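Below is one structure, written out as structure tokens, with a few remarks after it.
Keep in mind it's a predicted model, so treat the numbers as computed, not measured. Every chain is numbered from 1, with letters handed out A, B, ... down the list of sequences.
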Amino acid sequence: MISVLNPINSVLFLISIFFAVSIVFILLGIDFFGFIFLIIYVGAIAVLFLFIVMMLNIQKIETDKFTYLTIGVFILIILFMELFLSLSYNYLLIFDSNKVFFTMENIRYIYNIFVLKSDEYYRFLMVESLGVMLFEYYPIQLMLSGLNLLVAMIGSIFLTNFKRGFSTKKQYNQLARNHYLINSNIY
Amino acid sequence: MNYSLSYILLIPEIYFFFSLIFYLFYTSILNLSIYYKFPNYFKNNLYFFILILFNISLLILNYINISEYTISNYFYKDTFISLLQLFSIFFSMLLVLIGYSYVKSNNINHFELLILFLFGIFSLCLLTTSSHMTSLYLLLELQGITFYILTSFNRRNQYSLESGLKYFILGSFSSILLLFGISLLYGFTGLLSFSDIYIYLKNIDIYISNFNFNLIAVAFVFILISFLFKFYAAPFHLWIADIYQGAPTIVTAFFSVIPFFSVYYLFLKLLLIVFVKLYIIYNIIIKVAIVSSLVIGTLGALYQKKIKRLLAYSSITGIGYFLLLFLSESPIMLYNTFSYVLLYSFSLLSLFSIFLQLFLIKDKKYIEQLSLLSGYININKYASIVFLIFFFSIAGIPPFSLFIGKLFLLTNLALNKNYFFVFLVIIITILSCYYYLKVIKIIFFNNTNKWLFVSNFNFISSFFLVIFSVLHFYFFLSPSILNVFTKYLLFSIL
């Protein structure tokens with residue numbers, strides 16, 4: 001069932017799904033993957049989707065309810081069955097099955113890890129150990145990668161700046177329907 | 001891990017880094033000031049550039065007698081490495097001084113040019129010292145990014161932009177291969193430092209078929225092929241002629257002359273020390289690269305009508321000569337090859353420096369077609385004599401410098417009984433004489449009705465051209481002067 005007609009809104013919902021997935025990763029204990037997932041999918045791919053949706057200018061969207069509804073309900077039942085099975089066997093999550101939902105106990109557990117920094121903390125936060133590695137053992141490499149980004153920034157500013165100087169880009173040629181006739185020397 | 005003392009050995013590079021950042025801020029604030037209405041102080045920037053490089057070369061001279069690892073195996077400093085840094089700094093100083101008129105008359109005298117040149121020289125200087133895979137990859141990438149931007153620096157020219165894009169695709173593909181090889185190596189061994197990899201490979205017996213060894217060989221082949229891409233050796237030379245042709249000539253000279261010292265030195269270090277146990281694997285790849293780059297370089301250069309395309313193909317042939325080192329086991333070959341590298345890049349620099357001067361006043365462009373040079377002896381007698389010296393030198397004709405380099409290479413190959421390669425190199429040298437002497441023939445014997453209007457050479461560049469042509473004689477008369485530099489190579493490599 002399609003409840004959101006605007007494609008931009010549906011992309012925003014997709015971003016919320018990415019957020020949820022990254023939270024699942026963090027809860028599984030592979031928090032570096034969670035953050036990388038967030039950075040790559042939300043930072044790059046979802047923004048790309050948004051651009052494409054804005055460029056394509058889609059207005060018509062199918063509102064056929066029943067086929068989507070049946071398939072969706074079927075998939076939903078399978079997903080819930082998986083979830084309950086995993087919870088009952090305590091197989092996937094590192095918490096106890098009692099602690100999965102936001103009980104007082106669970107909140108206290110998270111407070112112990114992140115704020116009081118118990119022994120669990122150091123196992124838990126892979127990102128911090130990565131940061132320690134970068135800043136303690138590879139400081140020069142970090143600076144060099146920063147220098148790479150600086151050079152790339154200088155180059156992109158210089159090559160695309162047409163206030164001071166000249167640009168070979170011609171917007172009307174790019175937007176024209178028969179641009180290959182105008183720019184025949186390229187092909 | 002001792003950090004406290006080890007940073008002192010890298011003082012020239014640290015000074016370079018800070019002066020580079022200061023130069024970036026200084027030039028961008030000066031040249032973009034709204035109060036002075038966007039002035040173009042290119043000459044001011046140039047003098048500051050020269051001053052920075054001069055200071056750094058003095059600092060390097062101060063720290064020349066050391067051989068130690070600095071900052072926990074990430075960098076290694078050595079007398080020969082310091083000499084290579086001095087060479088790359090000195091050559092780029094000369095190039096920028098000579099190419100000043102080119103930059104000005106092509107209207108690419110933006111301040112970003114010199115900033116990017118400084119970034120390129122910085123990356124090349126640190127690249128020679130790197131002895132860890134991470135620093136190697138990052139510095140190669142820094143060098144690559146500066147070169148992609150510099151290649152497409154002339155934004156008015158569509159060919160320049162196109163060649164920049166092509167160089168970007170080629171370079172990023174090769175660095176992807178390098179990164180993949182490094183990550184495979186790290187996955188199989190867990191090692192990144194050169195010395196650690198050397199010790200690890202030393203303790204493996206390769207004749208017992210070892211699963212891990214084959215995987216390391218796969219990783220090494222990726223690294224090797226990415227380095228061959230970086231040199232434009234022949235099976236991986238695609239687009240290099242377009243890149244040379246499209247880029248502004250000063251940038252072409254920069255990326256065809258200066259990276260050879262550092263990248264080639266690093267290549268030697270990887271193949272002759274770190275992965276020397278894998279000689280059986282890389283031997284055949286190197287042989288294929290030598291034969292194909294010698295043949296394709298000469299056959300491609302035979303029909304070229306533009307000077308930069310000719311030099312591109314001739315540099316592919318040059319790579320074939322450089323790789324001849326791996327055919328013989330004698331350490332004397334190391335000296336000879338490195339002196340050949342020095343002489344070859346010197347003669348390339350001198351050729352580029354004369355082509356940076358040939359400005360046609362009426363057409364407002366630089367000479368690119370070789371046929372435009374016909375009858376140049378009638379216009380400028382002395383410049384055409386300098387042309388003669390440089391082209392004779394690069395062709396390897398006796399009273400000039402590169403003859404010595406080729407002679408030493410050939411005698412070493414003959415002593416090692418590599419007769420196939422000896423005859424191949426002789427045939428290739430004869431063929432390459434054709435296309436170098438064709439230029440001389442056009443200059444001295446062709447006649448045209450058209451009169452060329454070439455601008456005068458400015459004082460600095462003509463001064464350096466005279467010095468270069470004298471040096472081409474001098475290296476022929478006493479080639480032992482090169483041993484002053486190359487005698488440190490043996491301590492550095494072996």
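- When side chains are defined from C-beta on, A:Gln141 does not count as touching B:Tyr137, because their heavy atoms never get closer than 4.5 Å.
- For B:Phe42, the CZ atom sits in a packed shell: over 12 heavy atoms of surrounding residues, nucleotides or ligands are nearer than 6.0 Å.
- Of the atoms belonging to B:Tyr148, not a single heavy atom falls under 4.5 Å from chain A.
- Within residues 146-153 of chain A, the residues that have a heavy atom under 4.5 Å from a heavy atom of chain B are A:Leu147, A:Asn148, A:Leu150, A:Val151, A:Ala152, listed by number.
- Summarising the local packing, CZ of A:Phe49 is surrounded by 12 or fewer heavy atoms from other residues, nucleotides or ligands at distances under 6.0 Å.
- A heavy-atom distance below 4.5 Å is not found between the side chains of A:Ile140 and B:Ser135.
- Listed by chain and residue number, nothing satisfies the ring pair (Phe, Tyr, Trp, His ring centres under 6.0 Å) test with A:Phe35 (two or more places apart in sequence, or in another chain).
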What verdict does the side chain to side chain contact (heavy atoms under 4.5 Å, CB included) test give for A:Phe158 and B:Phe111, after you've listed the backbone C-alpha separation in whole Å, the side-chain angles of each residue and the deciding distance to 0.1 Å?
CA-CA 10 Å; A:Phe158 173 72; B:Phe111 65 96; over 6 Å; no
Test side chain to side chain contact (heavy atoms under 4.5 Å, CB included) applied to A:Ile154 and B:Ile115, step by step:
CA-CA 9 Å; A:Ile154 292 168; B:Ile115 291 171; 4.2 Å; yes
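- A:Ser145 OG to B:Leu142 CG: the interatomic distance, rounded to the nearest 0.5 Å, is 10.5 Å.
- Of the atoms belonging to B:Leu150, not a single heavy atom falls under 4.5 Å from chain A.
- The environment of CZ in A:Phe19 is sparse: at most 12 heavy-atom neighbours from other residues, nucleotides or ligands sit within 6.0 Å.
- In this structure, chain A has a heavy atom under 4.5 Å from the side chain of B:Ile21, while its backbone stays farther away.
- To the nearest 0.5 angstrom, A:Leu144 atom CG is 12.0 Å from B:Glu141 atom CD.
- For B:Phe168, the CZ atom sits in a loose shell: 12 or fewer heavy atoms of surrounding residues, nucleotides or ligands are nearer than 6.0 Å.
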